[in-house]
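Computation of the quantities below employed the complete heavy-atom set of this structure, encompassing side-chain atoms and omitting hydrogens, waters and symmetry-equivalent molecules. Throughout, protein chains are lettered first and strands after them, A, B, ... in sequence-line order, and every chain is numbered starting at 1.
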Amino acid sequence: MNLALRDIRHNLGRFLLTCLGLSLLLGVVMSMIGIYRGLVADALGIARAPAAQIWVVEAKSRGPFAEASRIPGDTREAIARIAGVADSGSVTYQSVEASFRDRPLRLYVIGFEPGRPGGPRLLTEGRPITQARFEMIADARGGLSIGDVVTMGRSRFHVVGTTTGQVASGGDPVVYVTLKDSQRLQFDLTPSAQRREQARGASGGSSDIVNAVVATLIPNASTGLVADTIRRWKHLNALSQEEQETILTRSVVEMARRQIGLFTSLLLAVSAVIIALIIYTLTIDKLREIATLKLIGAPDRVIIGLIVQQALAMGVIGFGFGLALILTIKDRFPRRVVIEPSDVGVLALVILAVCILASGLGVRLALKVDPAKALGG
Amino acid sequence: MPKPLVSVRNVSKHFGEGEARVDALVDVSLDVMAGEVVGLKGPSGSGKTTLLNVIGCILEPSAGQLVLNDEVVFDRKWLTRDLRRMRLERIGFIFQAHNLLPFLSVVENVALVLRLAGQSEQAATARADELLTYLEVSHRRKAMPAQLSGGEAQRVAIARALANQPRVILADEPTAALDSERARIVMDLLRRVAVENEASIITVTHDEKIFSRFDRLVSLRDGRIDA
Ligand SMILES: Nc1ncnc2c1ncn2[C@@H]1O[C@H](COP(=O)(O)OP(=O)(O)OP(=O)(O)O)[C@@H](O)[C@H]1O
Ligand SMILES: [Mg+2]
């Protein structure tokens, strides 16, 4: 007969309630880690979407995600002529407050040239953009589906295809439109401002501006060499895909990482204290039984086993419930929550260590109990 | 001349030092024979529980000698290394507040001490059932301690104390929670055990109604044995 198990069964309600509380706490810890992983995954998802090897941006800029970057629209042709470049495409990125069914909807608009790098890769439904204007591929995160009409600026866009899991690092769902449409959205002035500019005698300026050019290379071409060639144009900067990802994880997500990291550490510390307290009070509640066990001659290992096994059972069940909970609700979060098996493993080890350390406190207390206490004389 | 099973020789026990010093036992000597049922009486604070704890190897005396079953257990220091093992195998305790483990059923409470002494689950349960039958509580074998009446709980506690067939049984006011009829039944039972197991039984009691049930009454006053 296992004493730890029998005691748990005797106080099953209380034990389960304790486990439930612990599992909520551990669920929160896990979701914090998952939110951080989701943030990184989202940020990298956007950068990886074009499947580029080189990012051409404005000189001295680390854009287009970390900083603003504006380069002339004809840059792409120059890039395409560089030896080693297989394919290239102009892209724009911007956040837009769109309106859908009379409600505002924040979208992250990516403009691309159909048939060139930079567009959506995998459509879950519908077809690619075929018209030069007013068609849109939308991500399911925004709640849009095929046939929906979204108003952006002064134009109405028809959703013709959908993707999943693409959001900007700020959380806004991604939509793809043609480069032309996106340039109108980003760089065109309102009619009244245009009239004012014309009245001033301004030339009207060029609206053929893009945020970046993404390029793929032919096999065996050197990324460094191509980047160096591009940097020779004084108005351009070139970043490899790796550099772009590093910028995103280091600078764009860094604050969030530290914020969430600190908060997660605090939560872990709180969990550790709570686990220690629970085990300590569980032991205090059993002092009389422990004294009785000593009096009738039970060796220390029986008493240690009672405490450690209960601590472990609580940790394991609390952790299991917590994991199940977070896996059930993770898709209901407004932003992506990524539960990585390695994170779960590390957290499990941490909780295990906390349980064992905390039961050390209980064990110390238990071993000091005077068996005479059981006599109550 | 038979040898005593329990022999307390010139044992003293004090708590604290200086101003706070309490002499709980002063030069106490007591021999108890096999089969003998001895009662310990005396006013509150006279040292009854202290003496019982010393004999039960729960409390270390300040001076003197303790011999159990021909083994010198204490002579100015503990001579027996594993006191808990000795308690498990040679001494049975019966408490006023029966102290059954609340999370084990009646039969498990009794079987536990047999399991601790190394018996198999099956053998322990069989022996526990035998004891419960002997003490006429086998019909409650599956019950949890909280569901038992005072008398039933006390009989289960006695079954547990007897499980490993100890030659020394120590009881601290075992009948305090029982009515006089039940108290008499418990005392008769203890006597039967003493005779059948050739055990020494030492019982602390305030209960004058059962004084007549002891072979001998030892009276303590201020830590000394009264003549
Ligand atoms: N752990 C202890 N620390 C200090 N003093 C103690 C301790 N245990 C007992 N005493 C003191 O020793 C004396 C004898 O106590 P003991 O418990 O043996 O009395 P008792 O005869 O059992 O009394 P009662 O009938 O009230 O149970 C008392 O004065 C008591 O206060
Ligand atoms: Mg007492």
Is chain A contacted by the side chain of [X], its backbone, both, or neither, given a heavy-atom distance below 4.5 Å?
| X | value |
| --- | --- |
| B/L112 | both |
| B/A124 | neither |
| B/L116 | side chain |
| B/M86 | neither |

Might you confirm whether atom OH of B/Y134 has over 12 heavy atoms from other residues, nucleotides or ligands at distances under 6.0 Å?
yes
Heavy-atom count around A/E340 CD within 6.0 Å, excluding the residue itself: above 12?
yes
Kindly say whether [Y] contributes a backbone atom to a donor-acceptor pair with the side chain of [X] at under 3.5 angstrom?
| X | Y | answer |
| --- | --- | --- |
| B/R90 | B/R167 | no |
| B/R84 | A/A298 | yes |
| B/N69 | B/L5 | no |

Are B/L162 and B/L131 side-chain neighbours, meaning at least one heavy-atom pair lies under 4.5 Å?
yes
Heavy atoms, side chains only, cut-off 4.5 Å: are A/T163 and A/Q166 in contact?
yes
Among residues two or more places apart or on two chains, list those pairs meeting ring-ring contact (aromatic ring centres under 6.0 Å, His included) that have a residue in residues 54-75 of chain B.
B/F74-B/W78
Might you point out which heavy atoms bring A/V354 and A/A272 nearest each other, and give the distance in Å?
CG1-CA, 3.6 Å
Could you tell me whether A/R141 and A/D139 make a salt bridge, using a distance below 4.0 angstrom between a side-chain N and a carboxylate O?
no
Is the NZ or CZ atom of B/K13 both under 6.0 Å from the centre of the six-membered ring of B/F15 and within 45° of that ring's axis?
yes
Could you check which of B/R115, B/E108, B/M144 has the highest count of heavy-atom pairs closer than 4.5 Å to chain A?
B/E108
Flag the one option from B/E121, B/K48, B/R85 with the top tally of heavy-atom pairs under 4.5 Å to chain A.
B/E121
Just checking heavy atoms, which of residues 305-326 of chain A are less than 4.5 Å from chain B?
none
Interface residues of residues 6-21 of chain A facing chain B - non-hydrogen atoms under 4.5 Å apart
A/R6, A/D7, A/H10
side-chain contact (heavy atoms from CB on, under 4.5 Å) involving A/Q259 - partner list, sequence neighbours excluded
none
